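Read the structure below first, then the notes.
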Amino acid sequence: MQPDLTQEILELVRLTATNLPPDVEEKLRASLKQEAGGSAAAGALDTIIKNVEMARANSTPICQDTGTPLFYVHYPEGWSTRKLRAQIQAAVGQATQKSYLRPNSVNAISGKNTGDNSGDDHYPTIHFEEVDEDQPLTMELMLKGGGCENVGAQYKLPDNNLGAGRDLEGVRKVVLDAVFQAQGKGCAPGSLGVSIGGDRGSSYLASKEALLGQMEESSSDPEIAALEKRITEEANQMGIGPMGFGGATTVLDTKIKGLHRLPASYFVSVSYMCWAYRRRKMVVADGQVAYS
């Protein structure tokens, strides 16, 4: 029988909203050491790290913008996605009541806030994928803030203004342009999820999926891995720095996914994630729940 996981999902939301993943925190701390002592960049990172510590200790949101809840659910064959959706929606509502999430869901037509983060078929956003019946349920949650979402970008190659052709060099140029255009508005230092190919919709979806990977987890394709490293290094040479104050740390990491495409289209989508890189995972196997 399929279990009711509402309370377990509530804990996933709480953990994601209030406790930054260890790999992200370690990267922020390492970045602080790269900044000049007494600089605005060092001050910004020091404040960010103290905020992370306080949020964890008090179980309060890491950022006042608690973000759009993006769920990625891999469920065993035979489970009901309708029941899982209802449990996710209930958990999100309870998390809002407990102030792990801020009431963020606003009807775009009427302007009315639902008050509990309920919405429509797309809010909260839930992506389902079926796995074999003997596999565990895996649920990943990403909370993506509006500021970093606003500076995401999609390019159609070739882009004559940037001198970007339909190749990986063109990809490099447009991704760096997205970072330059974002400046400090995306709450740098950020992380980049990039997809190459697909249609407009699948390209953006894949760019966010790329952000589910661990910090500094490179692509299995050596050519793409080299591009990820180069983009991160060159973005950090721009001098934008933490919160746009200048400095050595503009981008923490870059993840790239390649998709198939139509011959007529060559899209490159960039999803920018702020320093509050909130993503967590829950695995349910044999009645046991584990979080990471």
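What you see is a predicted model, and the numbers here were worked out from it, not measured in a lab.
- No donor-acceptor contact under 3.5 angstrom links the side chains of N58 and T60, judged on distance only.
- Side chains of Q89 and S118: a donor-acceptor N/O pair is absent below 3.5 angstrom, by distance only.
- Here the side chain of N19 pairs no donor or acceptor atom with the backbone of L15 at under 3.5 angstrom.
- A salt bridge is defined here as a Lys NZ or Arg NE, NH1 or NH2 lying under 4.0 Å from an Asp or Glu carboxylate O, and E26 with R29 fails to meet this definition.
- Residues Q94 and Q7 have side chains that bring a donor and an acceptor to within less than 3.5 angstrom of each other.
- For the pair R200 and Y204, the cation does not sit on the ring face, since its NZ or CZ is not both under 6.0 Å from the ring centre and inside 45° of the axis.
- Residues R230 and E169 are paired through a salt bridge, judged by an N-O separation under 4.0 Å between the basic side chain and the carboxylate.
- A donor-acceptor pair under 3.5 Å is absent between the side-chain atoms of D132 and the main chain of D134, judged by distance alone.
- Remark: the backbone N or O of A55 is not paired with any side-chain donor or acceptor of S59 at under 3.5 angstrom.
- Counting non-hydrogen atoms of other residues, nucleotides and ligands closer than 6.0 Å to CZ of F128 gives a total above 12.
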Checklist line | Working for side chain to side chain contact (heavy atoms under 4.5 Å, CB included), residues Q237 and T250 | finding: CA-CA 8 Å; Q237 293 169 12; T250 299; over 6 Å; no

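- A side-chain N or O of S203 and one of S269 form a donor-acceptor pair less than 3.5 Å apart.
- K229 NZ: 12 or fewer foreign heavy atoms inside a 6.0 Å radius.
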